[in-house]
Amino acid sequence: MKKTVTFGMLAIALVTGSVLAQTMLPKLPVKATYRVGFAQTESNNPWRLAQTKSMQDEAKKLGYQLVYTDAAGSTAKQVADVRSMIAQKVDAIFLSPREDKPLAPVVAEARKAGIPVILVDRNIDPALSKAGTDYVTFIGSDFIKEGQRVADWLVKNANGKMNIIELEGTTGASPANDRRKGFDDVIAKNPKFKIVASQTGDFARDKGRQVAETLLQAHPEANVIYAHNDEMAIGAVSAIKAAGKVPGKDILVLSIDGGKEAVQMVVDGTINYVVECNPRFGPQAFATLKDYAAGKKLPAKIINADRDYTPESAKAGLAGAY
Ligand code: GYE
């Protein structure tokens with residue numbers, strides 16, 4: 001049978017082809033070296049510094065060029081940073097999205113420009129961007145589990161302390177959403193426990209201190225502070241002292257991250273429990289990039305393993321903390 005291709009069919013094929021090209025993940029060629037962007041959200045804490053160092057060290061080890069930007073706590077700047085990486089035609093972009101919604105458009109812009117994006121440490125709202133379609137994959141911790149682990153520890157070790165102040169991370173950041181969900185869901189199943197107040201401290205030490213000070217005054221019955229990261233927990237310890245109470249004894253302090261300073265405070269007894277959130281992304285991030293270039297099938301999420309620091313284990317764990 002003679003095949004006839006009409007102009008109409010050809011036009012449809014061309015249109016579908018270009019739509020597909022626009023909705024598919026860009027490929028990454030196998031090369032000896034790459035120029036890769038890393039769009040960091042801020043650098044105001046040891047976790048961020050450890051993450052940046054790990055990315056820089058690995059890039060250096062591999063002989064890749066890292067185009068590094070620091071959004072300095074501004075989501076708008078991070079959007080501009082990613083756009084500038086697209087304009088510079090980097091080979092791929094590692095993005096740690098400060099908030100889970102406003103970065104979705106630039107992830108799509110990168111894809112349309114033929115630049116694959118790998119999300120590191122923070123996620124984008126899955127209703128707006130999807131792994132395998134909009135970006136390659138997400139590498140990071142299971143934040144819901146982190147929150148659950150803190151709540152589980154508290155339920156077992158509360159010794160009658162049940163009135164909780166929660167210091168939330170940056171509003172709209174995926175770890176803040178998920179650390180709250182993981183923790184609050186466990187607490188909701190244990191009716192003796194009560195979250196008396198929950199407010200953002202923006203993942204920052206001084207903001208955490210200020211918010212803790214205000215909330216401790218408003219809720220003198222509070223005897224637990226759960227902070228979504230070490231920085232706010234360390235701020236809360238100062239606030240508890242300022243309120244004339246003993247951190248770790250009158251008020252239990254629980255947090256997530258596992259930086260040296262906080263782990264030392266678990267050793268000293270001013271913080272009671274810390275779940276680690278591993279910031280050493282470099283080796284995994286670049287290995288994933290190479291796997292992607294090699295055409296390996298990648299999962300939607302690559303989850304880092306996290307340890308924890310209890311009053312019993314903190315001393316032995318201190319040397320390994322970042
Ligand atoms: O816990 C915090 C940082 O996104 C998982 O952000 C990260 C969090 C981390 O600033 O300290």
Side-chain angles (χ1 to χ4, degrees), residues 38-55 69-75 77-78 94-103 118-125 135 137-150 166-183 200-209 211-212 225-237 253-263 265-266 271 273-282 284-285 301-309 321-322:
F38 172 40
Q40 179 58 288
T41 92
E42 54 212 353
S43 297
N44 61 346
N45 72 41
W47 194 97
R48 291 281 148 206
L49 298 177
Q51 188 195 32
T52 299
K53 186 172 182 312
S54 173
M55 294 293 282
T69 56
D70 175 3
S74 156
T75 302
K77 178 170 185 311
Q78 194 174 37
F94 291 117
L95 168 64
S96 166
R98 189 177 136 78
E99 291 177 63
D100 76 342
K101 289 183 178 68
L103 272 300
I118 295 177
L119 298 183
V120 288
D121 105 67
R122 289 191 188 175
N123 216 333
I124 292 203
D125 184 340
Y135 60 89
T137 183
F138 162 83
I139 307 171
S141 290
D142 182 338
F143 304 124
I144 293 190
K145 204 162 165 194
E146 289 175 344
Q148 282 168 350
R149 287 174 76 181
V150 175
E166 182 163 349
L167 298 177
E168 300 168 28
T170 299
T171 306
S174 65
N177 297 340
D178 290 354
R179 286 171 184 173
R180 186 170 77 184
K181 184 173 171 23
F183 182 87
T200 180
D202 205 15
F203 280 135
R205 188 179 299 206
D206 203 51
K207 186 83 193 292
R209 182 190 59 76
V211 173
I225 293 188
Y226 161 46
H228 288 186
N229 79 346
D230 286 352
E231 286 298 291
M232 296 189 294
I234 295 169
V237 163
V253 183
L254 320 169
S255 89
I256 298 172
D257 268 1
K260 255 203 173 63
E261 195 178 349
V263 177
M265 289 167 88
V266 180
I271 294 182
Y273 181 62
V274 176
V275 170
E276 184 196 44
C277 180
N278 197 335
R280 298 173 176 118
F281 278 71
Q284 179 68 67
K301 286 185 176 176
I302 298 171
I303 300 300
N304 293 339
D306 295 324
R307 44 173 303 167
D308 65 359
Y309 300 95
Y322 59 89

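Counting convention: from 1, in listed order, for ligands and their atoms alike. On a predicted model such as this, the values are computed, not experimentally measured, just so you know.
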Minimum heavy-atom distance A39-T69, with the two atoms named | CA-OG1, 3.4 Å
Ligand 1 to C277, heavy atom cutoff 4.0 Å, flagged ligand atoms 5 (C)
Closest approach of any protein heavy atom to atom 9 (C) of ligand 1, naming residue and atom | D257 OD1, 3.4 Å
Is it the side chain (CB and beyond), the backbone, both or neither of Q40 that lies under 4.0 Å from ligand 1, heavy atoms counted?
-> neither
What about H228: any of its N or O atoms under 3.5 Å from an N or O on ligand 1?
-> no
Closer than 4.0 angstrom: is that true for some heavy atom of E276 and an atom of ligand 1?
-> no
Ligand-residue contact atoms, ligand 1 with P175, heavy atoms, under 4.0 Å | 4 (O)
Residue set satisfying ring pair (Phe, Tyr, Trp, His ring centres under 6.0 Å) with Y226, at least two apart, ordered chain then number -> F183, H228
Looking at I144 and K181, what are the two nearest heavy atoms and their distance?
-> CD1-CD, 4.2 Å
Nitrogen or oxygen of N45 less than 3.5 angstrom from that of ligand 1 = yes
Minimum heavy-atom distance R122-A173, with the two atoms named = NH1-CB, 3.7 Å
Can you tell me which residue and heavy atom of the protein come closest to atom 8 (C) of ligand 1, and the distance to 0.1 Å?
-> R48 NH2, 3.7 Å
Under 4.0 Å from any heavy atom of D121, which atoms of ligand 1 are there?
-> 4 (O), 5 (C), 7 (C)
Show your working on side-chain hydrogen bond (donor to acceptor under 3.5 Å, both in side chains) between D100 and S174 and close with a plain yes or no.
-> CA-CA 6 Å; D100 76 342; S174 65; over 6 Å; no
Would you please name every residue forming a ring pair (Phe, Tyr, Trp, His ring centres under 6.0 Å) with Y135, sequence neighbours left out?
-> none
Quick one: which ligand 1 atoms are inside 4.0 Å of a heavy atom on R122?
-> 3 (C), 4 (O), 6 (O), 8 (C), 10 (O)
L95 versus Q78: any side-chain heavy-atom pair under 4.5 Å?
-> yes
